[in-house]
Amino acid sequence: MKLDLELLCGAGGAEVRGLDLSKPLAPETLTALRRALADHCVLLFRDQKLEPDSQKAFARQFGPLAETPFIKPLEGHPEMMRVVREPDEKKKLNFGGRWHSDLTFQVEPVLGTVLYSRESPAVGGDTLWTNQMLAFDALSPGMQRMLESLTVMHSAKRSYGPQGTYADDDLKGMRINASELALKETPHPCVRTHPENGRKILFINWVYAIRFQDMTEEESTPLLEFLNRHSQRPEFQIRFRWTKGALAFWDNRSTQHLAVNDYAGYRRVMDRVTIAGDKPFFTPA
Ligand code: OGA
Ligand code: MN
């Protein structure tokens, strides 16, 4: 099965043409999409006509859906949330506005996220991703060896803890419940193996990867800052301009992402579901 693909950036991103995602896909199409997702990190589909039920049905073909803690789901759809920004929102930070991967504070972070545009700004509001396989490959052998021996503690505290960014929730239209539960820390290997293509992934992100195991945050921050800056190099980035009806399906195991906050005055409405993933592991090559 050959997909009709257009590659978007050197780092990845592939626009897939000719598929209607509101209908069930053939098993060979799903296999090809899974493979393309692992290789290109982000799959993009334009001009789709989806409702919450059909978006969930599309995502379920890749695995069971996962629920998002701390954020109120869409009414009647516990596995879906609506990412909304109103034209008059003054808050400096938009939802998803700092580099992160979704839900890496969980023991089994999600495999992927499916984001569908219901309403897009005329200009601005793009999403950026980084390819963390390329980011790993570009490090020196000495740094790679050292990182392969390290474990990183992930936590939601900087976002959803009592002192977190969203604790004084004034993102209109989204209900965020900051909580003590966000203080919990979960260990993951600093370098994880992609379960489908075997590539090595630099598995850290700016928001949830807070320190190395058995080290303080203060000790860990200089190296984590370097690794995050390194990950954000332009040649590892993928960028997508949204149009109403576009859908992005990203591999959350091998990417970080960020919602660009450059569209004051416009409304932006996205529906999001996530697909359950496995526990990150590292197998030395
Ligand atoms: C998300 C997210 C990015 C965006 O929904 O997880 O980070 O561009 N969104 O809205
Ligand atoms: Mn996100």
Side-chain angles (χ1 to χ4, degrees), residues 8 13 41-46 50 52 55-56 59 65-74 77 79-87 89 91-106 109-132 154-156 158-160 164-166 171-176 182 203-209 228 231-232 237-264 266-277:
L8 297 183
C41 297
V42 191
L43 302 180
L44 301 142
F45 306 81
R46 290 211 190 260
L50 296 174
Q55 184 178 345
K56 288 196 295 188
L65 302 185
E67 294 183 16
T68 296
F70 308 119
I71 303 173
K72 189 168 178 266
L74 188 66
H77 298 277
E79 324 87 336
M80 180 170 270
M81 63 185 247
R82 187 157 282 177
V83 180
V84 185
R85 188 169 164 93
E86 300 295 347
E89 280 193 56
K91 198 171 185 203
K92 282 207 196 76
L93 189 67
N94 54 330
F95 182 78
R98 294 173 303 164
W99 285 105
H100 67 287
S101 311
D102 291 335
L103 307 171
T104 66
F105 51 87
Q106 298 184 327
V110 297
L111 174 159
T113 300
V114 173
L115 193 65
Y116 175 66
S117 163
R118 299 185 76 86
E119 211 172 316
S120 287
V123 64
D126 295 359
T127 303
L128 304 183
W129 292 265
T130 59
N131 179 333
Q132 296 294 121
H154 291 242
S155 155
R158 291 178 185 163
S159 292
Y160 306 121
T165 319
Y166 298 119
L171 294 178
K172 287 185 189 167
M174 294 183 70
R175 283 276 158 283
I176 298 186
F203 191 57
I204 48 128
N205 68 80
W206 190 262
V207 172
Y208 301 127
N228 277 301
S231 301
Q232 292 151 21
Q237 287 189 17
I238 301 162
R239 182 170 188 138
F240 183 60
R241 173 153 186 194
W242 291 96
T243 44
K244 183 181 158 78
L247 179 143
F249 176 12
W250 66 82
D251 190 331
N252 194 62
R253 302 164 293 196
S254 59
T255 56
Q256 295 191 41
H257 60 277
L258 168 149
V260 182
N261 187 6
D262 63 350
Y263 56 97
Y266 290 106
R267 189 159 195 258
R268 184 176 186 269
V269 184
M270 319 287 278
D271 279 347
R272 176 184 119 161
V273 291
T274 49
I275 300 159

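The basis for the numbers below is simple: all heavy atoms, side chains too, and nothing from hydrogens, waters or symmetry mates. One-based numbering, in listed order, for ligands and for the atoms of each.
- The distance from the CG atom of N228 to the NE2 atom of H100 is 12.5 Å, given to the nearest 0.5 Å.
- The Mn ion (ligand 2) has H100 NE2, D102 OD1, H257 NE2 as its protein N, O or S neighbours under 2.8 Å.
- Across L50 and Y116, no two heavy atoms sit closer than the pair N-OH, 3.0 Å.
- Side-chain contact between W250 and D102 is present, with at least one heavy-atom pair separated by less than 4.5 Å.
- Between atom SG of residue C41 and atom CD of residue Q256 there is a gap of 12.0 Å, rounded to the nearest 0.5 Å.
- Taking the six-membered ring for Trp and the full ring otherwise, H257 and W99 have centroids separated by 6.0 Å or more.
- In this view, Y208 and F105 satisfy the ring-ring contact (aromatic ring centres under 6.0 Å, His included) rule, not counting sequence neighbours.
- For residues 112-121, every residue pair satisfying the salt bridge (charged side-chain N to carboxylate O under 4.0 Å, His left out) rule, not counting sequence neighbours, is listed here: E51-R118, R118-D271, E119-R267.
- Taking the side chain as every heavy atom from C-beta outward, S120 and Y266 never approach each other to under 4.5 Å.
- When each of K72, R85, M81 is checked for a side chain to side chain contact (heavy atoms under 4.5 Å, CB included) with M174, only M81 meets the rule.
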Between ligand 1 and the protein, tabulate every N or O atom pair separated by less than 3.5 Å, reporting distance only.
{"residue": "ligand 1", "atom": "6 (O)", "partner": "D102", "partner atom": "OD1", "Å": "3.1"}
{"residue": "ligand 1", "atom": "6 (O)", "partner": "D102", "partner atom": "OD2", "Å": "3.3"}
{"residue": "ligand 1", "atom": "6 (O)", "partner": "R272", "partner atom": "NH1", "Å": "2.6"}
{"residue": "ligand 1", "atom": "7 (O)", "partner": "H100", "partner atom": "NE2", "Å": "3.1"}
{"residue": "ligand 1", "atom": "7 (O)", "partner": "H257", "partner atom": "NE2", "Å": "3.0"}
{"residue": "ligand 1", "atom": "8 (O)", "partner": "T127", "partner atom": "OG1", "Å": "2.6"}
{"residue": "ligand 1", "atom": "8 (O)", "partner": "R268", "partner atom": "NH2", "Å": "2.7"}
{"residue": "ligand 1", "atom": "10 (O)", "partner": "R268", "partner atom": "NH1", "Å": "2.9"}
{"residue": "ligand 1", "atom": "10 (O)", "partner": "R268", "partner atom": "NH2", "Å": "3.4"}

